[in-house]
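If you read the sequence from its start, that first residue is 1, and numbering goes on from there. Note that the structure is a prediction, hence the values are computed from the model and not measured.
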Amino acid sequence: AAGHREIVLTGVHLGHYGRDLAGRPTLAALLRALLEGTAVERLRLSSIEINEVTDELLALMAGSPRLMPHLHVPLQAGDDTVLAAMRRQYHTAFFARRLGEARRALGDLGVTTDLIVGFPGEDERAFRRGLDFVAECGFSRVHLFPYSVRAGTRAAEMPGRNSPQTIARRRREMAAVARGAARAYHARQIGAVRPVLVEAPGAGYTDTYVRVLLPAPPGAAAGDLLPVRLVAVASRGDAMIGEVEIPCRSEANAAAG
(Lines give C-alpha, C1' and ligand atoms only; values in the text may rest on other atoms or scores of the structure.)
Protein backbone atom coordinates (compact mmCIF):
# COMPACT_ATOMS: atom_id res chain seq x y z
CA ALA A 1 0.00 0.00 0.00
CA ALA A 2 3.00 2.30 0.56
CA GLY A 3 4.17 1.73 -3.01
CA HIS A 4 6.91 -0.83 -2.53
CA ARG A 5 7.23 -3.09 -5.56
CA GLU A 6 9.23 -5.97 -4.08
CA ILE A 7 8.76 -7.84 -0.82
CA VAL A 8 11.41 -10.20 0.54
CA LEU A 9 10.27 -12.99 2.86
CA THR A 10 12.86 -13.60 5.53
CA GLY A 11 13.19 -15.50 8.79
CA VAL A 12 15.62 -17.38 11.01
CA HIS A 13 14.55 -20.66 9.33
CA LEU A 14 12.26 -19.75 6.47
CA GLY A 15 11.73 -23.31 5.29
CA HIS A 16 10.15 -24.22 8.66
CA TYR A 17 7.30 -21.79 8.11
CA GLY A 18 3.96 -23.22 9.24
CA ARG A 19 5.21 -26.09 11.40
CA ASP A 20 3.90 -24.38 14.54
CA LEU A 21 0.59 -23.27 12.99
CA ALA A 22 -2.79 -24.98 12.79
CA GLY A 23 -2.97 -27.18 9.71
CA ARG A 24 0.82 -26.90 9.24
CA PRO A 25 0.71 -24.72 6.09
CA THR A 26 3.82 -24.82 3.93
CA LEU A 27 5.98 -21.96 2.72
CA ALA A 28 4.57 -22.56 -0.76
CA ALA A 29 1.05 -22.17 0.66
CA LEU A 30 2.05 -18.83 2.18
CA LEU A 31 3.44 -17.67 -1.16
CA ARG A 32 0.28 -18.79 -2.93
CA ALA A 33 -1.82 -16.79 -0.45
CA LEU A 34 0.34 -13.71 -0.99
CA LEU A 35 0.01 -14.02 -4.77
CA GLU A 36 -3.76 -14.37 -4.52
CA GLY A 37 -4.33 -11.80 -1.81
CA THR A 38 -2.00 -8.96 -2.77
CA ALA A 39 -0.92 -7.04 -5.85
CA VAL A 40 2.79 -6.98 -4.94
CA GLU A 41 4.72 -7.14 -8.21
CA ARG A 42 7.79 -9.01 -6.98
CA LEU A 43 8.04 -11.57 -4.19
CA ARG A 44 11.47 -12.94 -3.29
CA LEU A 45 12.67 -15.55 -0.81
CA SER A 46 15.68 -14.93 1.37
CA SER A 47 17.79 -17.83 2.63
CA ILE A 48 16.28 -21.34 2.45
CA GLU A 49 17.90 -24.72 3.04
CA ILE A 50 18.38 -26.88 -0.06
CA ASN A 51 16.42 -29.79 1.48
CA GLU A 52 13.45 -27.43 1.94
CA VAL A 53 13.31 -26.44 -1.74
CA THR A 54 10.32 -28.70 -2.40
CA ASP A 55 8.70 -29.74 -5.67
CA GLU A 56 5.63 -27.76 -4.58
CA LEU A 57 7.74 -24.63 -4.15
CA LEU A 58 9.53 -25.05 -7.49
CA ALA A 59 6.24 -25.61 -9.34
CA LEU A 60 4.78 -22.46 -7.81
CA MET A 61 7.86 -20.41 -8.70
CA ALA A 62 7.87 -21.76 -12.25
CA GLY A 63 4.21 -20.83 -12.70
CA SER A 64 4.31 -17.25 -11.46
CA PRO A 65 6.38 -14.40 -12.93
CA ARG A 66 5.78 -12.50 -9.70
CA LEU A 67 7.95 -14.98 -7.78
CA MET A 68 11.56 -14.05 -8.46
CA PRO A 69 13.72 -16.79 -10.07
CA HIS A 70 16.38 -16.58 -7.38
CA LEU A 71 17.30 -18.94 -4.56
CA HIS A 72 19.75 -18.28 -1.75
CA VAL A 73 20.69 -21.75 -0.53
CA PRO A 74 23.48 -21.87 2.09
CA LEU A 75 26.00 -24.56 1.22
CA GLN A 76 28.38 -23.74 4.12
CA ALA A 77 30.96 -26.32 2.98
CA GLY A 78 31.63 -28.22 -0.22
CA ASP A 79 32.94 -31.39 1.44
CA ASP A 80 30.86 -34.15 3.02
CA THR A 81 33.13 -34.70 6.03
CA VAL A 82 32.90 -31.01 6.94
CA LEU A 83 29.13 -30.96 6.34
CA ALA A 84 28.77 -33.93 8.71
CA ALA A 85 30.86 -32.16 11.35
CA MET A 86 28.62 -29.12 10.96
CA ARG A 87 25.57 -31.40 11.37
CA ARG A 88 24.10 -30.15 8.11
CA GLN A 89 21.08 -32.15 6.91
CA TYR A 90 22.38 -32.85 3.38
CA HIS A 91 25.48 -33.98 1.51
CA THR A 92 27.10 -32.61 -1.64
CA ALA A 93 25.51 -35.14 -4.01
CA PHE A 94 22.02 -34.21 -2.79
CA PHE A 95 22.83 -30.49 -2.96
CA ALA A 96 24.06 -30.79 -6.56
CA ARG A 97 21.10 -32.95 -7.61
CA ARG A 98 18.51 -30.62 -6.10
CA LEU A 99 20.23 -27.58 -7.53
CA GLY A 100 20.07 -29.17 -10.97
CA GLU A 101 16.38 -29.92 -10.51
CA ALA A 102 15.71 -26.31 -9.52
CA ARG A 103 17.55 -25.02 -12.57
CA ARG A 104 15.65 -27.34 -14.88
CA ALA A 105 12.35 -26.24 -13.34
CA LEU A 106 13.06 -22.52 -13.39
CA GLY A 107 15.37 -22.03 -16.36
CA ASP A 108 17.15 -18.73 -15.86
CA LEU A 109 17.72 -19.11 -12.13
CA GLY A 110 20.07 -17.04 -10.00
CA VAL A 111 21.64 -19.06 -7.17
CA THR A 112 23.55 -17.46 -4.31
CA THR A 113 25.04 -19.12 -1.25
CA ASP A 114 26.93 -18.86 2.06
CA LEU A 115 30.26 -20.57 2.72
CA ILE A 116 32.51 -20.99 5.76
CA VAL A 117 36.20 -21.80 5.33
CA GLY A 118 38.47 -23.19 8.03
CA PHE A 119 35.88 -25.06 10.09
CA PRO A 120 37.52 -27.32 12.74
CA GLY A 121 38.56 -30.61 11.14
CA GLU A 122 38.68 -29.18 7.62
CA ASP A 123 42.04 -30.45 6.37
CA GLU A 124 43.66 -29.52 3.08
CA ARG A 125 42.10 -32.39 1.15
CA ALA A 126 38.63 -31.47 2.36
CA PHE A 127 39.23 -27.84 1.45
CA ARG A 128 40.37 -28.81 -2.08
CA ARG A 129 37.26 -30.93 -2.55
CA GLY A 130 35.24 -27.91 -1.44
CA LEU A 131 36.95 -25.66 -3.97
CA ASP A 132 36.09 -28.07 -6.79
CA PHE A 133 32.48 -28.44 -5.67
CA VAL A 134 31.89 -24.69 -5.41
CA ALA A 135 33.29 -24.24 -8.91
CA GLU A 136 30.93 -26.94 -10.22
CA CYS A 137 27.87 -25.32 -8.64
CA GLY A 138 28.25 -22.11 -10.64
CA PHE A 139 26.90 -19.72 -8.01
CA SER A 140 26.18 -16.18 -9.11
CA ARG A 141 27.31 -14.83 -5.73
CA VAL A 142 28.99 -16.29 -2.66
CA HIS A 143 28.89 -14.79 0.82
CA LEU A 144 32.16 -16.05 2.26
CA PHE A 145 33.02 -16.22 5.95
CA PRO A 146 36.19 -17.36 7.75
CA TYR A 147 35.51 -19.64 10.69
CA SER A 148 35.90 -17.90 14.03
CA VAL A 149 35.56 -19.42 17.48
CA ARG A 150 32.30 -18.67 19.28
CA ALA A 151 32.33 -19.55 22.97
CA GLY A 152 29.67 -22.01 24.06
CA THR A 153 29.23 -23.67 20.67
CA ARG A 154 29.96 -27.31 19.94
CA ALA A 155 32.46 -26.28 17.24
CA ALA A 156 34.53 -24.35 19.78
CA GLU A 157 35.35 -27.65 21.52
CA MET A 158 36.11 -29.64 18.36
CA PRO A 159 39.65 -30.82 17.56
CA GLY A 160 41.46 -29.97 14.34
CA ARG A 161 41.28 -26.22 14.64
CA ASN A 162 43.00 -24.41 11.77
CA SER A 163 45.45 -21.57 12.28
CA PRO A 164 44.42 -18.00 11.44
CA GLN A 165 47.02 -17.99 8.66
CA THR A 166 45.57 -21.15 7.10
CA ILE A 167 42.02 -19.80 7.31
CA ALA A 168 43.07 -16.50 5.73
CA ARG A 169 44.83 -18.29 2.87
CA ARG A 170 41.89 -20.59 2.24
CA ARG A 171 39.53 -17.62 2.27
CA ARG A 172 41.59 -15.95 -0.47
CA GLU A 173 41.58 -19.10 -2.58
CA MET A 174 37.85 -19.69 -2.17
CA ALA A 175 37.14 -16.02 -2.93
CA ALA A 176 39.02 -16.35 -6.22
CA VAL A 177 36.94 -19.39 -7.20
CA ALA A 178 33.74 -17.56 -6.22
CA ARG A 179 34.70 -14.50 -8.29
CA GLY A 180 35.40 -16.70 -11.29
CA ALA A 181 32.02 -18.41 -10.99
CA ALA A 182 30.23 -15.08 -10.66
CA ARG A 183 32.03 -13.60 -13.66
CA ALA A 184 31.18 -16.68 -15.77
CA TYR A 185 27.52 -16.51 -14.72
CA HIS A 186 27.33 -12.81 -15.54
CA ALA A 187 29.06 -13.28 -18.88
CA ARG A 188 26.35 -15.74 -19.91
CA GLN A 189 23.74 -13.03 -19.28
CA ILE A 190 25.18 -10.57 -21.80
CA GLY A 191 22.51 -9.63 -24.32
CA ALA A 192 19.57 -10.66 -22.13
CA VAL A 193 16.84 -8.19 -21.22
CA ARG A 194 15.80 -8.45 -17.57
CA PRO A 195 13.43 -6.43 -15.37
CA VAL A 196 15.53 -4.27 -13.04
CA LEU A 197 14.16 -2.67 -9.91
CA VAL A 198 16.06 0.57 -9.28
CA GLU A 199 17.18 0.77 -5.64
CA ALA A 200 19.55 3.75 -5.79
CA PRO A 201 20.67 6.26 -8.43
CA GLY A 202 22.31 4.26 -11.21
CA ALA A 203 21.89 0.81 -9.68
CA GLY A 204 19.31 -1.91 -9.19
CA TYR A 205 18.70 -5.67 -9.20
CA THR A 206 17.30 -8.02 -11.79
CA ASP A 207 14.69 -10.63 -10.97
CA THR A 208 17.56 -13.14 -10.71
CA TYR A 209 19.32 -10.91 -8.15
CA VAL A 210 22.08 -9.63 -10.37
CA ARG A 211 23.26 -6.15 -9.42
CA VAL A 212 23.12 -3.89 -12.47
CA LEU A 213 24.84 -0.53 -12.91
CA LEU A 214 23.08 1.74 -15.37
CA PRO A 215 22.94 5.38 -16.34
CA ALA A 216 19.62 6.52 -14.90
CA PRO A 217 17.27 7.64 -17.69
CA PRO A 218 15.42 10.93 -17.26
CA GLY A 219 13.03 10.64 -14.36
CA ALA A 220 14.29 7.26 -13.09
CA ALA A 221 14.16 6.93 -9.32
CA ALA A 222 14.31 4.30 -6.62
CA GLY A 223 11.30 2.06 -7.08
CA ASP A 224 11.21 2.23 -10.87
CA LEU A 225 10.92 -1.16 -12.58
CA LEU A 226 12.64 -1.02 -15.97
CA PRO A 227 13.47 -3.41 -18.83
CA VAL A 228 17.26 -3.44 -19.04
CA ARG A 229 19.59 -5.04 -21.58
CA LEU A 230 22.68 -6.48 -19.92
CA VAL A 231 25.58 -5.38 -22.09
CA ALA A 232 28.79 -6.11 -20.14
CA VAL A 233 30.27 -7.49 -16.94
CA ALA A 234 31.44 -4.78 -14.55
CA SER A 235 35.18 -4.56 -13.98
CA ARG A 236 35.13 -6.38 -10.62
CA GLY A 237 32.94 -9.16 -12.02
CA ASP A 238 30.32 -8.91 -9.25
CA ALA A 239 27.82 -6.81 -11.22
CA MET A 240 26.74 -6.03 -14.77
CA ILE A 241 26.43 -2.94 -16.90
CA GLY A 242 22.97 -2.35 -18.30
CA GLU A 243 21.17 -0.13 -20.77
CA VAL A 244 17.52 0.72 -20.31
CA GLU A 245 15.46 -0.59 -23.21
CA ILE A 246 13.42 2.24 -24.71
CA PRO A 247 10.66 1.02 -27.07
CA CYS A 248 10.78 2.39 -30.60
CA ARG A 249 8.08 4.91 -31.58
CA SER A 250 5.96 2.35 -33.43
CA GLU A 251 5.95 0.03 -30.42
CA ALA A 252 5.08 2.91 -28.10
CA ASN A 253 2.21 3.97 -30.36
CA ALA A 254 0.93 0.39 -30.53
CA ALA A 255 1.04 0.12 -26.76
CA ALA A 256 -0.80 3.43 -26.40
CA GLY A 257 -3.46 2.28 -28.84
Open item on the list: Under the criterion side-chain contact (heavy atoms from CB on, under 4.5 Å), I'd like the reasoning laid out for Val149 against Arg161: C-alpha separation, chi angles, the key distance, then a yes or no.
Closed with: CA-CA 9 Å; Val149 177; Arg161 187 178 299 176; 3.7 Å; yes
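- Taking every heavy atom of both residues into account, Phe95 and Pro74 meet most closely at CE1-O, 4.1 Å.
- Of all heavy-atom pairs between Leu58 and Ala105, the closest is CB-CB, 4.3 Å.
- When atom types are taken as modelled, the side chain of Asn162 and the backbone of Phe119 share a donor-acceptor pair closer than 3.5 angstrom.
- Applying the salt bridge (Lys or Arg N to Asp or Glu O under 4.0 Å) test to residues at least two apart or on different chains, the pairs with a partner in residues 70-84 are Asp79-Arg129.
- Under the side chain to side chain contact (heavy atoms under 4.5 Å, CB included) criterion, Glu124 pairs with Phe127, Arg128, Arg169, Arg170, sequence neighbours left out.
- The line from CD of Gln76 to CG of Leu115 is 7.0 Å long, rounded to the nearest 0.5 Å.
- One finds no salt bridge joining Glu49 and Arg98 here, because no Lys/Arg side-chain nitrogen approaches an Asp/Glu carboxylate oxygen to under 4.0 Å.
- Remark: Ile7 pairs with Leu9, Val40, Leu43 by the side chain to side chain contact (heavy atoms under 4.5 Å, CB included) rule, at least two apart or across chains.
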Contacts table for residues 133-147: side-chain donor-acceptor under 3.5 angstrom, sequence neighbours left out:
{"residue": "Ser140", "atom": "OG", "partner": "Val111", "partner atom": "O", "Å": "3.1"}
{"residue": "His143", "atom": "ND1", "partner": "Asp114", "partner atom": "OD1", "Å": "3.4"}

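- Side-chain contact between Leu57 and Thr26 is absent, with no heavy atoms from C-beta onward closer than 4.5 Å.
- Proximity of a side-chain donor or acceptor of Arg5 to a complementary backbone N or O of Gly223 within less than 3.5 Å is detected.
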TODO: Take Thr112 and His70 through the side chain to side chain donor-acceptor pair (under 3.5 Å) test and state the conclusion after the steps.
DONE: CA-CA 8 Å; Thr112 55; His70 163 238; 3.0 Å; yes
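- Both Leu71 and Leu35 belong to a common hydrophobic cluster when Ile, Leu, Val, Met, Phe, Trp and Tyr are linked at side-chain heavy-atom distances under 4.5 angstrom.
- Here the shortest heavy-atom pairing between Pro159 and Pro120 reads O-CB, 3.7 Å.
- Taking each heavy atom of Leu14 and Ser47 in turn, the nearest pair found is CB-O, 3.6 Å.
- Chaining together hydrophobic side chains whose heavy atoms lie under 4.5 Å apart places Leu213 alongside Val231, Ile241.
- Taking a cutoff of 4.0 Å between a charged side-chain nitrogen and a carboxylate oxygen, Glu243 and Arg229 do not qualify as a salt bridge.
- Applying the side-chain hydrogen bond (donor to acceptor under 3.5 Å, both in side chains) test to Ser148 and every residue at least two apart in sequence or in another chain returns nothing.
- Contacts of His16 classified as ring-ring contact (aromatic ring centres under 6.0 Å, His included), with partners at least two apart in sequence or in another chain: His13.
- Residues meeting the side chain to side chain contact (heavy atoms under 4.5 Å, CB included) test with Asp108, sequence neighbours left out: Gln189, Arg194.
- Residue pairs meeting the ring pair (Phe, Tyr, Trp, His ring centres under 6.0 Å) criterion with at least one partner in residues 155-191, sequence neighbours excluded, are absent.
- The main-chain N or O of Leu34 is found under 3.5 Å from a side-chain atom of Thr38 such that the two form a donor-acceptor pair.
- A continuous path of hydrophobic side-chain contacts links Leu67 to Val73 [ILVMFWY only; heavy atoms under 4.5 Å].
- In this structure the side chain of Arg44 never reaches within 4.5 angstrom of the side chain of His72, judged on heavy atoms.
- A distance of 8.5 Å separates CD in Glu41 from CZ in Arg66, rounded to the nearest 0.5 Å.
- Val196 meets the side chain to side chain contact (heavy atoms under 4.5 Å, CB included) test with Thr206, Val212, Val228; sequence neighbours excluded.
- In this structure Tyr17 satisfies the ring-ring contact (aromatic ring centres under 6.0 Å, His included) test with no other residue, sequence neighbours excluded.
- Listed by first then second residue, pairs satisfying salt bridge (Lys or Arg N to Asp or Glu O under 4.0 Å) with a partner in residues 8-30 number zero, not counting sequence neighbours.
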